[in-house]
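Just below is one structure, and these are the notes that go with it.
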Protein chains: 2
Amino acid sequence: MPGVPGQEELVVGEATEQRVRIADVAREAGVSKAAVSFAFNQPDRLSAGTAARIRDVADRMGYRPHPVARMLSAGQTSTIGILSPQALGAVFANPFFALFAEGVASVTEERGFGLLFISPFHGSLATALDRATVDGVVAIGLDERHPELDALRRGGLPTVVVDAPAWPGHRAILVDDEGGAREAASHLLGLGHREVLVLAVQPAIDESGDQGVSGRRLAGYRAAFEAAGLSLPGSAVVDAPATIEGGESAFLQAWTSGARPSAVMCMSDAAAAGVLAGARRLGVRVPEELSIVGFDDLPLTRFTDPPLTTVHQPVRRKGEAAARMLLEALRRPSGDDQDHTLVLETRLMVRRSTAAPSGDRCQEVVVAR
Amino acid sequence: MPGVPGQEELVVGEATEQRVRIADVAREAGVSKAAVSFAFNQPDRLSAGTAARIRDVADRMGYRPHPVARMLSAGQTSTIGILSPQALGAVFANPFFALFAEGVASVTEERGFGLLFISPFHGSLATALDRATVDGVVAIGLDERHPELDALRRGGLPTVVVDAPAWPGHRAILVDDEGGAREAASHLLGLGHREVLVLAVQPAIDESGDQGVSGRRLAGYRAAFEAAGLSLPGSAVVDAPATIEGGESAFLQAWTSGARPSAVMCMSDAAAAGVLAGARRLGVRVPEELSIVGFDDLPLTRFTDPPLTTVHQPVRRKGEAAARMLLEALRRPSGDDQDHTLVLETRLMVRRSTAAPSGDRCQEVVVAR
DNA sequence: ATCGGTGGCTAAACCGGTTTACGAACGGTA
DNA sequence: TACCGTTCGTAAACCGGTTTAGCCACCGAT
């Protein structure tokens, strides 16, 4: 009864239960391997009686087709990967990412695809990809100038890149970072703010034009200032990791260095929450003495005190769209030669962390400039 | 140069680039498939020159061993699964889960294992497991009475269960839910609270003794009350999803139904944050008019206003321990027959969401009882 | 009685690697 | 020169399924 005959006493105390293979079922049922396979996958090719009998035997023996073997002959894994250049620990700690993954997962799950997380293996994304059994990947957080980017492109795996321009022949999803940032800055300018601090997300790439999320958002802030006949000095831009702790410490450091902005524009909600915490610690009242604007509109913004004014981007929907795009690309591998790019909208959500600067401060600032 | 000869013109406009197989490399290099395999995996079995030449050819052709094929012959996938009975959307939305996954991921990543998320397929966990190419699974959130539990056990996949008793022959990780809950309740009782509201996590299983997280925590609350010569009426226990929204609405509903607890004990921090939000909306001051205790001690508790008093459990470490246990079980499949169970500690973190009830209220309550 | 068609099943090829068993060439020793 | 032990490489089996090509028996039609 238990396991494969002839192997039972191989090792005493060892798990006697070997995995039941298709050949075992075939032998037990007195048919060929093909018949067993047909019984499950193409019952029409067998007489009803035989099919039922085979299924019965298989059931009794506890047979389950080996998923890896099935993958190999099927030529596909029915699994997609989420590729991130960061370590997984950092990935899951990031609520933005969790929300994005939520979107991806809801689609893959519905279509019966597995979801595998891919992060650098021994520091190499290319190696990690080589080991990953996926039909395609959604790449997020991948900087345009990532050193292994070429290797990835050459890998030939169907890919949807998120928050970065499409590679030739691949697909991409972007949001209107610049427009959202412009709206945020305009909002503050309209309230009368002139002296602001910008908390950029970690790799604050300014140099090479459009490159990167940070660059696009900064361009948006700048555009609003220029439209108002003002300019945003480079000294007003500070880097901060997109975490609560990162935002708090960057803000505190700027403050202790003597900066006295009337408003802070953050490129992430997490950092904005950190600024909020820092302001509370300093006894600076929000929004009376300090206005704060975030970016992303994560669920947590509605539960900060005060609720955070922020630039909304459809993060979850971005994940869904990425997954759908990828599955679509898998269905018709040829695709057109033109690269498909989807740009989602952003919009400012005015809540209660922003207000007009207090009178004297406003005055002071105007004089200072 | 490009792809497999004889297939180039199969479909015009189709991707001409076929995947390079080991046989292609072998042919190109004028050696056998085995030699190519050796060149990568056991270079010692080849002369240095040959090995180098083969690697060179392979490199030039862009050869990458097919991971699925490798899995099949290796007999292992080097991937582990995180199994959850909930839909993935709900999973990632839960910060508790993200933290747990962070722990699991940090270990698997370090050991070079992939991480696959497994959730019900068409409603069936067993089916999802059958399709999952993993060497073992970490099961979390699995209720002892889950209908498919037997199927999972019978599946024969090495498993570590989290927050549930060990199955015979499997391993388990628990935390001292009851002790933590008892501490929380004692803390409130010591402050003078008598009229409390309990927000249980969704499946509030009370009936069958020890079963489930909810049951164990409730038992802890109860034990503290009994130790004080009091009792916790069933009417004081309400179900709430472990989300901010869930906590808020459950609290508001209880309040509008006339309940006037001086303290709320929540079985999750998310729910506690929701209660906090609800109290703010009602204009009830925390902790002066209402004390709140959470459970889990997620990072967010330090950034609520006021910071949340809560029962700490080492969630991240729980994930790490689960992963390590599983990898250990994979290394020595036989194991002892005794089931290994690891119980981690919990402890109360007193922050600022709890205080003695205001005098009159306290009076009123005492009279009321 | 012969032929053509079809239903039911099987043998063998295949997916793309890894690994085992073995053979040929080579160098050193008796 | 015959013998032996390495070194280097190959053919073939194997992992566990799916799928194609084809065999055989049985049926009705001519």
Side-chain angles (χ1 to χ4, degrees), chain A residues 3-4 7 18-55 57-58 61-78 130-135 156-157, chain B residues 3-4 6-7 18-55 57-58 61-79 130-135 156-157:
Chain A
V4 181
Q7 298 218 0
Q18 290 284 13
R19 179 161 192 134
V20 180
R21 292 152 305 183
I22 197 172
D24 301 324
V25 177
R27 196 182 319 116
E28 183 75 16
V31 296
S32 68
K33 294 194 321 179
V36 178
S37 180
F38 287 148
F40 287 98
N41 307 317
Q42 306 178 46
D44 297 345
R45 299 197 46 173
L46 263 39
S47 75
T50 309
R53 184 167 52 85
I54 293 177
R55 275 198 297 264
V57 171
M61 298 177 75
Y63 168 68
R64 322 214 151 277
H66 196 305
V68 175
R70 205 202 282 256
M71 274 183 183
L72 183 60
S73 64
Q76 61 160 36
T77 63
S78 293
D130 287 346
R131 303 169 35 120
T133 53
V134 297
D135 294 333
L157 212 52
Chain B
V4 181
Q7 298 219 358
Q18 290 284 16
R19 180 164 191 129
V20 180
R21 293 152 304 182
I22 197 171
D24 300 323
V25 178
R27 194 182 320 114
E28 183 77 15
V31 295
S32 68
K33 291 193 325 178
V36 179
S37 179
F38 286 148
F40 287 98
N41 305 318
Q42 307 177 45
D44 297 345
R45 298 199 43 173
L46 263 41
S47 76
T50 309
R53 183 169 51 84
I54 293 176
R55 275 198 297 265
V57 171
M61 297 178 76
Y63 168 69
R64 322 213 153 278
H66 196 304
V68 175
R70 208 201 281 257
M71 274 182 182
L72 183 60
S73 65
Q76 60 159 37
T77 63
S78 293
T79 300
D130 287 346
R131 303 169 35 121
T133 54
V134 296
D135 294 333
L157 212 51

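All values derive from a computational prediction rather than experimental measurement. In what follows, chains are A, B, ... by sequence order, proteins preceding strands, each numbered from 1.
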Grab the [atom1]-[atom2] distance between [X] and [N] for me, whole Å please.
| X | N | atom1 | atom2 | answer |
| --- | --- | --- | --- | --- |
| A:Phe40 | D:dG16 | CZ | C1' | 14 Å |
| B:Arg131 | D:dT18 | CZ | P | 13 Å |
| B:Gln42 | C:dT18 | CD | P | 10 Å |
| A:Ile22 | D:dC15 | CD1 | P | 14 Å |
| A:Ile54 | D:dG17 | CD1 | P | 14 Å |
| B:Leu46 | D:dT6 | CG | C1' | 15 Å |

Please confirm whether any donor atom in the side chain of B:Lys33 sits under 3.5 Å from an acceptor in the base of C:dG17, or the reverse. yes
For a 4.5 angstrom cut-off between non-hydrogen side-chain atoms, does [X] reach [Y]?
| X | Y | answer |
| --- | --- | --- |
| B:Ser37 | B:Ile22 | yes |
| B:Thr79 | B:Met71 | yes |
| A:Arg53 | A:Val31 | yes |

Nearest to the [X] side chain among [options], which nucleotide is it?
| X | options | value |
| --- | --- | --- |
| A:Phe38 | C:dC9, D:dT19, C:dG17 | D:dT19 |
| A:Ser47 | C:dG8, C:dC15, D:dC15 | C:dG8 |
| A:Arg70 | C:dT10, D:dG17, D:dG9 | D:dG17 |
| A:Arg21 | D:dC8, C:dG17, D:dG17 | D:dG17 |
| A:Ala69 | D:dG17, C:dT20, C:dG16 | D:dG17 |
| B:Arg45 | D:dG9, D:dG17, D:dG16 | D:dG9 |
| A:Ser32 | D:dC8, C:dC15, C:dT10 | C:dT10 |

Indicate, with a heavy-atom threshold strictly under 4.0 Å, whether [X] touches base, sugar-phosphate, or nothing.
| X | value |
| --- | --- |
| B:Leu72 | base |
| A:Val31 | sugar-phosphate |
| B:Tyr63 | sugar-phosphate |

Would you say D:dT19 has OP1 or OP2 under 4.0 Å from some side-chain N or O of A:Ser73?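 For D:dT19, neither OP1 nor OP2 has a side-chain N or O of A:Ser73 closer than 4.0 Å.
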Between C:dT19 and B:Ser37, is there an OP1 or OP2 to side-chain N/O distance shorter than 4.0 Å? no
